[in-house]
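Here is the structure we will look at, set down as structure tokens.
If you're wondering where the values come from, they're calculated on a predicted model, not measured in any experiment. Order of listing sets the numbers, starting from 1, for every ligand and every atom in it.
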Amino acid sequence: MSPTMTETLEARPRTGLGFKTMRATVFHGVDDIRVEEVPRPAAGYGEAVIRVTLTTICGTDVHILRGEYPVRPGLIIGHEPVGVIEELGPGVTGYEIGERVLVGAITPCGQCLACLSGHLSQCGHGGGYEALGGWCFGNTINGAQAEYLLVPNAQANMAKIPDELTDEQVVLLADIASTGFSGAESGEVRIGDSVVVFAQGPIGLCATAGAKLMGAALVIGVDGDDARLAMSKKMGANVTLDYRKVDVVEEIRKLTGGGADVSIEALGTQQTFENALRCLRPGGTLSSLGVYSGKLQMPYDAFAAGLGDHRIITTLCPGGKERMRRLIETVRHGRVDLTPLLTHTFPLDRITDAYDLFSQRRDGVLKVAIRP
Ligand SMILES: NC(=O)c1ccc[n+]([C@@H]2O[C@H](COP(=O)([O-])OP(=O)(O)OC[C@H]3O[C@@H](n4cnc5c(N)ncnc54)[C@H](O)[C@@H]3O)[C@@H](O)[C@H]2O)c1
Ligand SMILES: [Zn+2]
Ligand SMILES: [Zn+2]
């Protein structure tokens with residue numbers, strides 16, 4: 001296992017009314033994020049403010065930092081918050097100041113056509129559908145890598161955390177677990193299925209755990225990093241394959257007796273997408289989680305020229321308080337433990353070091369806990 005680096009943060013009692021600024025991670029431009037003092041948010045109608053007690057960094061934040069996913073300069077980034085309710089705006093009921101809550105990376109309004117038809121992640125904010133519309137934190141509105149966070153549509157998005165669970169046990173549910181599990185759920189994995197997960201980064205590892213939760217008989221994790229392949233076994237893979245060493249499609253065909261029932265793509269490249277298609281049995285499902293760029297090609301032989309009864313389905317991380325509640329229950333009842341994925345801890349003031357470690361994948365890092 002990789003070494004764990006723990007940093008302790010000086011106690012800083014910055015709560016309470018009258019304290020009008022906060023520390024936050026602000027995006028200024030490509031490769032330029034800074035922790036600085038900014039105005040503290042206040043809750044308006046339907047909103048809440050939480051004091052963030054734990055958050056983390058997502059691979060998507062690294063894309064933002066590198067300028068590969070554009071956001072406006074001045075935005076506070078981050079989208080994985082655990083915190084304590086500090087302020088409740090008018091119209092938010094059933095909560096109390098001081099309660100500990102988990103808020104998903106995706107914050108649907110719960111009112112629009114997309115939300116009401118079950119596509120919460122494509123929330124239209126009171127209107128129809130908007131692609132990726134549910135992803136607001138650290139994208140279109142200020143995010144979670146800060147001491148305080150304004151939660152929009154708070155009534156639909158704050159899930160209470162039972163006292164017996166620590167922040168560390170639930171923080172990864174906000175994004176990577178919700179996303180990874182959804183890969184298996186959208187793929188409609190059934191008891192007894194064979195499932196292959198391409199890439200064992202944080203998302204793929206959670207997809208591996210999700211496949212096991214859904215009842216897969218055989219889970220095959222594919223990656224090229226020894227530490228991640230070892231973690232894949234810990235998260236539920238029976239078999240791991242190193243794509244650098246074997247022909248993975250051929251190997252999977254052998255292991256599954258002709259092709260997998262479900263493949264989950266968790267990287268977002270032509271190679272892994274194509275392998276995920278080629279390793280399926282006729283009628284199998286490719287459940288895609290990766291974020292792609294450029295053109296994706298579909299060679300005719302990889303899907304029986306379009307006649308193989310294959311299903312290809314994509315999913316954006318599911319959010320909203322009911323999703324978070326279900327994931328919390330899954331942890332609370334011991335069905336899954338994600339804490340092994342939190343390999344490092346940093347105080348908020350050293351988040352740029354955490355970005356450096358995380359983006360360079362040094363020291364066996366998987367996810368970093370950031371404690372404001
Ligand atoms: N659908 C969603 O809602 C959602 C949410 C978050 C992230 N994502 C996307 O999910 C993908 C994975 O994110 P992550 O943070 O886990 O990624 P990561 O970069 O941390 O991990 C990628 C892994 O892929 C492995 N890899 C590289 N080439 C490979 C190959 N040919 N075959 C198998 N494995 C290979 C690497 O060794 C690494 O372990 C990204 O595209 C990310 O943008 C999607
Ligand atoms: Zn994310
Ligand atoms: Zn909506």
Yes or no on side chain to side chain donor-acceptor pair (under 3.5 Å) for Glu265 and Thr272, after CA distance, side-chain angles and deciding distance?
-> CA-CA 7 Å; Glu265 201 288 344; Thr272 44; 2.5 Å; yes

Within 45° cone and under 6.0 Å: Arg51 NZ/CZ vs Tyr148 ring | no

With Gln145 via side-chain hydrogen bond (donor to acceptor under 3.5 Å, both in side chains) - residues at least two apart = Asp61, Tyr355

Is the shortest heavy-atom distance from the side chain of Arg40 to the side chain of Glu86 under 4.5 Å?
-> yes

Which heavy atom of Val248 sits nearest a heavy atom of Tyr243, and at what distance?
-> CG1-CA, 3.8 Å

Would you check, one step at a time, whether the test side chain to side chain contact (heavy atoms under 4.5 Å, CB included) holds for Leu75 with Asn142?
-> CA-CA 6 Å; Leu75 188 79; Asn142 280 334; 3.8 Å; yes

Anything protein N, O or S sitting under 2.8 Å from the Zn ion (ligand 2): count it and give me the total.
-> 3

Nearby protein N/O/S atoms (those under 2.8 Å) for the Zn ion (ligand 3), with water ignored = Cys109 SG, Cys112 SG, Cys115 SG, Cys123 SG

Of all the heavy-atom pairs spanning Met235 and Asp337, show the shortest one and how long it is.
-> CE-O, 4.1 Å

Within the protein, flag every N or O under 3.5 Å from an N or O of ligand 1, and note the pair and distance.
| from | atom 1 | to | atom 2 | distance (Å) |
| --- | --- | --- | --- | --- |
| ligand 1 | 1 (N) | Leu289 | O | 3.0 |
| ligand 1 | 1 (N) | Thr315 | O | 2.9 |
| ligand 1 | 3 (O) | Cys317 | N | 2.8 |
| ligand 1 | 16 (O) | Pro202 | N | 3.2 |
| ligand 1 | 16 (O) | Ile203 | N | 3.0 |
| ligand 1 | 20 (O) | Arg228 | NH1 | 3.4 |
| ligand 1 | 21 (O) | Arg228 | NH1 | 3.4 |
| ligand 1 | 28 (N) | Tyr243 | OH | 3.4 |
| ligand 1 | 31 (N) | Gln271 | OE1 | 3.0 |
| ligand 1 | 37 (O) | Asp223 | OD1 | 2.5 |
| ligand 1 | 37 (O) | Arg361 | NH2 | 3.3 |
| ligand 1 | 39 (O) | Asp223 | OD1 | 3.2 |
| ligand 1 | 39 (O) | Asp223 | OD2 | 2.7 |
| ligand 1 | 39 (O) | Arg228 | NH1 | 3.0 |
| ligand 1 | 41 (O) | Leu267 | O | 2.7 |
| ligand 1 | 41 (O) | Val291 | N | 3.1 |

Residue pair Asp175, Thr179: steps toward the side chain to side chain donor-acceptor pair (under 3.5 Å) verdict = CA-CA 6 Å; Asp175 185 356; Thr179 303; 3.1 Å; yes

Determine the minimum heavy-atom distance between Thr56 and Lys367, stating which atoms define it.
-> OG1-CE, 3.5 Å

Determine the minimum heavy-atom distance between Cys115 and Pro108, stating which atoms define it.
-> SG-CB, 3.5 Å

With rounding to the nearest 0.5 Å, note down the distance linking CD1 in Ile220 to CD1 in Ile264.
-> 11.5 Å

What heavy-atom pair brings Arg278 and Ala302 nearest, and what distance separates the two atoms?
-> CG-CB, 3.8 Å

Knowing that exactly one of Val170, Leu172, Thr166 qualifies, which makes a side chain to side chain contact (heavy atoms under 4.5 Å, CB included) with Glu168?
-> Thr166

